[in-house]
Structure formats: C-alpha cells, structure tokens
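Taking it in order: structure first as structure tokens, then the write-up.
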Amino acid sequence: MAEISEAHDSDSSKLQDSGSEAPQRPESEPDFDPKTMRKTKPGLKRLFLTFSVLFSFLLGFPFLWKSVEIYRSPLPFREIDSLSTQLRSDNLLFPLHFHALFVGFDSEPDGLRRSILSEIAKLASQNPKCSNNYTLSVTVDLDSRCLRSPNLSPHSSTYQCGSITATDFVQNDDVAVDKRLASVFGGKTKEYSVAVVKGGSERAVVGKHRHAWLVVGDGSEVEVAAVKVAELLVKVFINGGREEGSIRNEFMPVGADGKIVLSFNLLNADPRDWVYDWDFEKIDDTLLAPMIEALAPVANISVESQVLYHTPKASFSYWNQKLESYVFSTKDLPFFVNSNEWHLDTSIAAGGRSKILQFAVYVPSAKECPLLLQLPNGEISKTNGFISPMWGGVVVWNPQGCLKDSEFKPSTKNIIPIQDLENMFEVFIGQFRQLFGFKSVNVYAGASGDWNLLPSERGFTEWELDVLSRQHTCFNLHSCATTLGSLSRLVQSLPRMIIMDEIGKQVKFSLEAAKLALSNASSGVYESSAASSSKASSLAEDAFFHPSIMSVSYYSFEHCFAVYSPFFLPVSMHVVLAALRELRRYKQENAKYLAWKAKANAAS
Amino acid sequence: METFNNPKPVLHLLLLPCLLLYSSIAFSSSVEAAMHTNNWAVLVCTSRFWFNYRHMANTLSLYRTVKRLGIPDERIILMLADDMACNTRNKYPAQVFNNENHRLNLYGDNVEVDYRGYEVTVENFLRVLTGRHETAVPRSKRLLSDEGSHILLYMTGHGGDEFLKFQDSEELQSHDLADAVKQMKEKHRFKELLIMVDTCQAATLFNQLQSPGVLAIGSSMKGENSYSHHLDSDVGVSVVDRFTYYTLAFFERLNIYDNASLSSLFSSYNPSWLMSTAYYRKGVYKRSLEEVPVTTFFGSVMETIHTDAAYKALSRRNSGKFEAQTSLDQSVHHSERRTPVKVNDRDETHNINPEGQEGASKCPWSTFCNKFLKAENVDSLVNYGLVAMVPFLMISMWLVR
C-alpha cells in the first residue's frame, strides 16, 4: 500500500512537475486521472505470492486426504459372487458309481440296468442344493457266462467273473461274508456294490464297507430284486438311511470352527445314597478313540469328562407296582434335564464357536431307584436314554443294589462295572449317531423290505462316513458362500468401516479352500473335500465374526470433519480470500493501465 | 459421503442386480423352516444408581419368571448394573424386592449375572446380539443361539424417541438395534425374536425393524411415558414398573405345562392400568398370535427323541481287550489329551474390558501416527528434532531483531 501511494505521489508529483514545467504543451499530455489510470504495468509479484500459498495448500490437500483415508483391506467381491453363483447354478454334484452284480440269474444286463435306473430316478429326491451324479454298471454272472452292461464304460467294475458264488453265502456269519466281499470288491475305491445272489436263505445285509448283498430264494423274480437294489442304492447309500435327502441344520452338530467337544458327565443325583465313579480313560481309549479318528475329516473332536454330585432331575416319576420300579414317560423328557443343578456347561476346552455335545449318565437316588423310561405304547425302553438335537443325550443307569440297599455303604466310592459301562457307551455311540441324523438301530426298514445294517467298531461304517462327508461338504460350502456374501454386502454398505488385513486374508484363504473343496468333490474324493469345506466355512465365519466389525466403533464422516475443520477452515478461508482479493486488485490495476494506454494511444 | 470413497461405480451397478437376485433366492431358500430347538433370553437393564431400583427389579423379576418356566442359566444372558443389592442405601442388604409386601426376594438364589456394572455398554450389547466377541470371551457371555432358537430380548431403563439410554453415558439408537437384528437374521442366529421394551416411548425403539420373524412390544407409544407401579415406602424408591408388573401378574398364573397364547398376553395390558398404551408390532411375523403359546418364548422347549437301541458293534469285541489295556496305564495317546484341571465351583468370570475401543474408534490419522511412533528410534528422532528447533528459533529471533 505504501508503495502505491508513493508511486501515486511520485506520479502525481511528476505530473505536477510536468504540468508546472511545461504548461505550454497541454495537447501532448492527455488527462491523467490517478484514480482510474496508471502508467506502469501492474506487477505480478503480489499475485504470485498469494497464489503460491493457495497452490501449496491445494497441493497438500490430496496428501492430507490420503492420510485420513480409512484403511480398508480390499476384499475380492467378484470372487465371492462368483463362488455363490457357481454353487447355485452348478448344483454341487457328487459323482457316485454303483455296481450291481447278479449271481445265478439268467437275465440280460442291459434290461436290468434300465429298470434299476428307472427305479432310482423314481426314488431319488431332488435336493435343491446338492445332487448326485451317479453311474450304474450291472454284471450278470451265471456259471457259464458273464455279461456286463454298459460294456465299454470306463467306470465298469474290475470284478472278476466267478469270484463270487452262492456258496459264499451259505453260512450265516455276516461278518465273514462281509470280509470276503471286501476282498473281492475292495479293489476299486468309492464304488458301491450290491451282490444279488440266488439260492440260500433269504437275507439282505449291508456291510461295513461299501457293499451290500441280497440273498433271494430260488423262485424269486429278478425284477423284485432290482426294485430292492434300487431302493438300497438311493435310500441307504445316497441318503444314509435317513428320511429325506434335504440338509437340516439341526442334525449337523458341528461348531462354526469345525470342532466338537464331547462332554461326558456322570451325575450322582443324591450322593448321600451312593456315589459312583467310572473308569473313563479306558473307555475313551478303546471305544471313543476309533470313532473320533473316523470322523476326523468331518469335525475335530475332543473329549472331556466330569463327575457331578447333587444333581437331581427336574421332572417327576411315579411308582409302577407292576414293573416294581419308578417310571417316567416320554412326556416328561423335555423337563428331565435340570439345568439349574446340572452344571454341565463348564468346559474350558471349548472355544466360543465350538459345539459342545453333552452326554450325561444319570444315577438316580435311592428314592427313585430303579428308574425306567416308558414309551407311549406302554413298553419299557431298552436303552433308558434319549437325545435332544444339538444338545446331546442322557442315559439313566440304575445301580445294582437298588432294592437291596443293605449291602451298600454310601460313603465309599463305587465304580460302575465295566460291562455296564460298555453297554452305556454303546448307547452313547448310538445317540451320537442319532445326533448326526443316523438311526441307532441296525435295521433299515424300507418300502420293499428290510436291510440289516452291519455295525462297525468305529461307530460309523465307511458308506455312512461317505454320506456324512458329502452332506457336510454341501452344507459347509453353502454356508461359506452365504457368509462371504453377507460379509461382502455388509462391508459395502458401510463405506467408512475399517477392514483389517486379517479379514482380507481370511476371506482369501476361505475362497481358496472352497475352490479346493469343489474340485475335490467333483472328482469324488469325499474326505478331503469335507475337510477343505469345513476349513472354508470356519475361515468365512472367522472373517464375518471378526470383532472389529462393529458399527458403533467405526467413526463417521461428521467426526472427521469435526476434528479437522478447526485446523483448516480458518486458515483456508484467509488464504482463499487473500488470493481473491489480490486477483481483484490485479484486475483493477490492469484495467487502469489499459485505460491509460488507450488514452495515451488516442492522444498520440 | 459415498463420493469420497469412490471405488468403481460401474462395478457397483453390476453387483447390485446380482446381489438382489442372490438375496431373493437366498430368502426363498431359507424359508424352509428349521425346527425349533431351544429358547434363549437376553435380559438387559440399562440403568444404574439407586433411584433406578425399579429397572433392576424389573429385570430380575423377568429373569426369575423365565427360569421358573424352564430356560436354564446357560441360555440366559443377564446384563445388569447390579448395584442395588449391596448398595449402602439399601435397608435390606442383599435383597431386592419387586413388591412392597416383600414377599419375594429376587436376589435370593441362583442369580447368574453375565454382564455386570460397567460392562453393560451399547458395544457389549451389540456384540452379544451379533456374536462378534473377542476370542477370549467365555462361552457363558456369548449368545450361542442357532437357526432354531427363539430369543426373548427384554430391555428396560430410560428411553426416548428412537433411543434407549445406557447407564447414563451412552445411547442405543433404533437404527443400531435394527441393524443388529438384521445381521442376526442374515447369520441365522434366531428363528423368532420377541423384543419387549419397558421404557418411556418404548414403541419408537423398534420403528426401523424390518427383519422377518421379529415381534416387538413396547410399554408406551411415542409421546407417552411409562410409569412405575408403586412406591415402597420402606425401601424408599419405586420397586417395579407398571408394564412389567402386569406381565409378571400374567405369568404368575402360568406353570410349565400351560399353553396360554401370546395374544392373551398382549391383550391383558389395560391402557388405563398401565397409564400408557402398550403397542405391539407384528411386522413380518408370519404366525398368528393366537396360535403362538407364550412358552414359545418364555419357557423351555427341549426337543427330545428317544434312543431306540444301542449300537451293538462294540460288544462283539472281547472284553479280554480291556484286560490287556489295563496293564498299560498311561498311554501316550491320552496323556496328550488329558490336561489335568482342577474343577472348582463355577466363578463368574469378569470380562476383560474389550480394548476394541482403542483400536478402531480413534481417528485413522492418530492410528497412523501410532503405527509410525511404535518404532523406538523414532522417539529419539523426535527428541533430536525438538532440540534442533531451539537454535533455529534463536537464529530467527536474532535476524528479526
């Protein structure tokens, strides 16, 4: 300002001088109005200064923005969507190979094959989520000839003609027959075989591995046998002997992290009467360990046990004179478990997302002993036990000296006899199977006849494990896709939520495991596909339930604005205003100069 | 807001129909009904301090009712400030009453509080509902419900238009609650949910609920207050609220085997007695209220199936195998799995205060700074920088002089 006024002064003084010096030249000097004209071009220095400050602010702004940006780990949204569309459209197909062998029948294998296939098509329920892609090969083995259908199929069995004859089935020892058949059929894995043999006592047995046999009398029709075979293939080998093929969540007691904790509890209802203990470790090693190993692809199982005292039940029983015992009925079962006194859920080994299944042995007090369960049809239960889906099972065990209490010293500890313990654990294994949806009885009662199911030492036969693996793969993959889809929707709906790297990594690994499971499933490797699918599902759950995804704790745009505006708003306001003011002043001065120039040009 | 975080709008446009299609198909496939397996209750008392005695008495009364009707402790999440029973102003120490006749001591026995004191926060409440806990949180503090669970959610305290006050320091807003319920539904954490709210203007709290299978009832509508029932002149404060009082009166008439319906419960609320209008909202709840027994939510249903037979494979093995095993006492196998643990009585584990608040709630600028400053040599760098600024200051001062 000082300079301008000085310049003006000097100009005006110069003008005055010039005016006073040469008053005789009024025509050559046009009127100079210092307010609207200036003789020198306005300088750019001031403008440059202010605009450089403004420019530096503008230059710094993207850096500030980047530093304030919320860190969101990039999630592969496209892949998540493609996984779910792939699962939906392709309808996860499990390849199954069936082989039916007819010994001693004089029929055409092609016709048999067609009729069995049509029966299968009639019986197979269409599960919307997972279906099965099956192939069937039929072999007819008569003494002289041996025909196969289809002839040149790559999946036709490697069965040697003549290895099985009717004499193999003469003896009634199912286990031996099973072993014999295993040696014949066991070469090619993952193929389900049925042997239909003519001659001998009528029997229908499903073995422990992947084969079954049906012995029919001499005069029976092959068509009837074909119908029975088809029913076996669909209802037993595909569905595992359960009612429907659909996946119901309540029969899938595996935790979200793929772990199950089996908690065994011995409940002494009234320790003043008697106190019982058990030798759990022995049973654990001999009976439970093989089962746990067999189920390793499906779930990671751990076992705990405890003995509790003062645990009365919550329902009432009444004395039945005819049976000479206390009886409780199935109507009381929902109220049997007394959760106030039964402190079962004290497991420390179980993480937050594992599934705990409680198995309780209830030893009644002297006032209620012996305690029997009466079924609605009036019979007394053979097992004295029941399950509750997704919770566990209870077995009531009556001590020996129930009515003869004079022999018992209530203070000493009694051990449950080994035989009783074994029986109890057989019931527990039956209950465990029930919790997975299988039947605990060893008979499958089908529409066209009964099949005897051979039990296995590991608690589950190989074909049952296959059913479980397939079911779990299907369920886990679908839940993985759903969870990842929910996660991606959630993440996209909250654009200002921090997504940590861990979540991104979990999603990535989950997608990889899901892809691996899909490829394994389509090639028929059930165990590894079940393991990969449970890994995929548990990783997806970990990502979705990551504790940092809380809508309360991510902060909003208003918060960020409120933090930064006191810093930047006043300063930026001044800077911008100064720049604008300088610009306006420059324009004004420029206009003045141009006016003077125009006048000077006009004058000269 | 969204323009700032501008990823790829075209991708969004492409994703949107895919997501819509998928969600519609997912909804249609999830309609296949899961079996009702168990009942859960989440009971929340959101106030503290002596003059809010009645809120804690409300919650404890409902806790007692729900336990009496069969829901076990392991399926109840009780969140209380729990500062009444041992309050120095309590004339009856360790006793909490909900009636001036002092007939019932609600704090008598078997009360298991899962979140007490300052752990009752909006964040913990939402974590319970959505299931997003830190890994160390024990199972007794988690809502371990599944697809077949029916959940009863009861909240009492001070509230207002679309919010509920938590312990005088924070609020739960209706959109937070609706969002949590939506996420629960997406993750199939419940089959049906009944929300009961006993606060002022309670019905506004579930204005934004859209999820299917959710039924909500509030003690008063917008603009109305909910009142306490009576004052206990001995204890010195009001001991119960009207809505809860009449709810309890309804349930005192029931026992485990009854099957009164929800519509009879809802119609038992008389506006003149409550001095407010109890408003319930069916929303997308499919079943008719006359068919739904109250024990669907308030009692316990344990679905049981009888075990027909034992699995007899094992009896084939000779018991000689057992004898042989007894000689090998400790096998390596079960010494791995055997972790000797003393089993004490169940203590109530105190929740370690979740430091999730530290991590994500701060401004990312400071987290950036924190990350930067975690390296120790940067500390010394800063110190050097500060020290080096002093001669600069001196020089500039000398120049300007």
Side-chain angles (χ1 to χ4, degrees), chain A residues 67-68 70-71 81 84 249-250 281-282 284-287 306 330 333-335 337 339-340 343 345-346 348 350 352 381-383 385-390 418 422-423 426-427 429-431 433-434 440-441 455-457 482 485-486 489 495 498 545 547-555 557 563, chain B residues 1-2 5 15 18-19 22 25-26 34-35 37 72-74 110 122-123 126 131-135 137 139 142 146-148 176 179 186-187 256 301-315 317 319 321-322 325 331 333-334 341 343 346 356-357 359-361 363-365 368:
Chain A
S67 71
V68 174
I70 307 232
Y71 179 70
D81 287 327
S84 41
N249 190 29
E250 58 268 10
E281 292 158 19
K282 233 189 291 187
D284 188 14
D285 286 336
T286 49
L287 295 188
Q306 61 177 347
T330 47
L333 288 183
F335 308 105
V337 176
S339 302
N340 275 334
H343 295 298
D345 198 6
T346 53
I348 26 186
S381 158
K382 289 191 283 288
T383 57
F386 63 94
I387 65 153
S388 177
M390 300 296 271
I418 288 291
E422 266 192 25
N423 293 345
E426 284 177 359
V427 177
I429 293 187
Q431 288 182 340
R433 286 166 53 89
Q434 264 188 310
S440 59
V441 285
S456 145
E457 290 86 30
T482 322
S486 310
R489 274 197 297 278
I498 299 179
F545 284 113
S548 71
I549 307 180
M550 278 300 294
S551 62
V552 189
S553 54
Y554 82 89
Y555 75 111
F557 173 70
V563 166
Chain B
M1 201 189 293
E2 281 79 39
N5 220 20
L15 278 178
C18 295
L19 289 175
Y22 179 64
I25 293 186
M35 197 164 77
T37 46
D73 263 323
E74 59 202 20
N110 268 337
V122 173
E123 184 187 339
L126 290 177
R132 295 205 170 95
H133 297 276
E134 305 283 334
T135 21
V137 171
R139 289 175 67 90
R142 294 181 189 236
D146 53 39
E147 233 183 37
D176 282 329
D179 186 55
E186 276 222 33
K187 236 10 217 113
I256 308 184
V301 166
M302 199 176 189
E303 191 78 26
T304 52
I305 303 176
H306 170 247
T307 309
D308 295 312
Y311 196 64
K312 285 284 179 212
L314 312 159
S315 55
R317 299 194 306 162
S319 48
K321 205 165 179 185
F322 272 115
Q325 289 281 11
S331 63
H333 203 42
H334 75 103
V341 173
V343 178
R346 243 189 340 171
Q357 293 160 356
S361 59
C363 196
W365 177 249
F368 170 76

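Applying the salt bridge (charged side-chain N to carboxylate O under 4.0 Å, His left out) test to A:Arg433 and every residue at least two apart in sequence or in another chain returns A:Glu464. When the side chain to side chain donor-acceptor pair (under 3.5 Å) test is applied to B:Arg132, the partners found at least two apart in sequence or on another chain are B:Gln183.
Across all their heavy atoms, B:Glu134 and A:Pro547 have their closest contact at OE2-CB, 3.6 Å. Heavy-atom minimum distance, B:Ala310 versus A:Thr383: N-CG2, 3.7 Å.
For the atom pair B:Asp146 CG and A:Met390 CE, the distance stands at 4.5 Å (nearest 0.5 Å). For the atom pair NZ of A:Lys382 and OG1 of B:Thr307, the computed distance is 11.5 Å after rounding to the nearest 0.5 Å.
With hydrogens and angles ignored, the 3.5 Å screen pairs no side-chain donor or acceptor of B:Thr304 with any backbone N or O of A:Leu333. For the pair B:Tyr311 (side chain) and A:Gln431 (backbone), a donor-acceptor distance under 3.5 Å is absent.
A:Ser381 and B:His306 form a side-chain donor-acceptor contact under 3.5 Å, judged by distance and modelled atom types alone.
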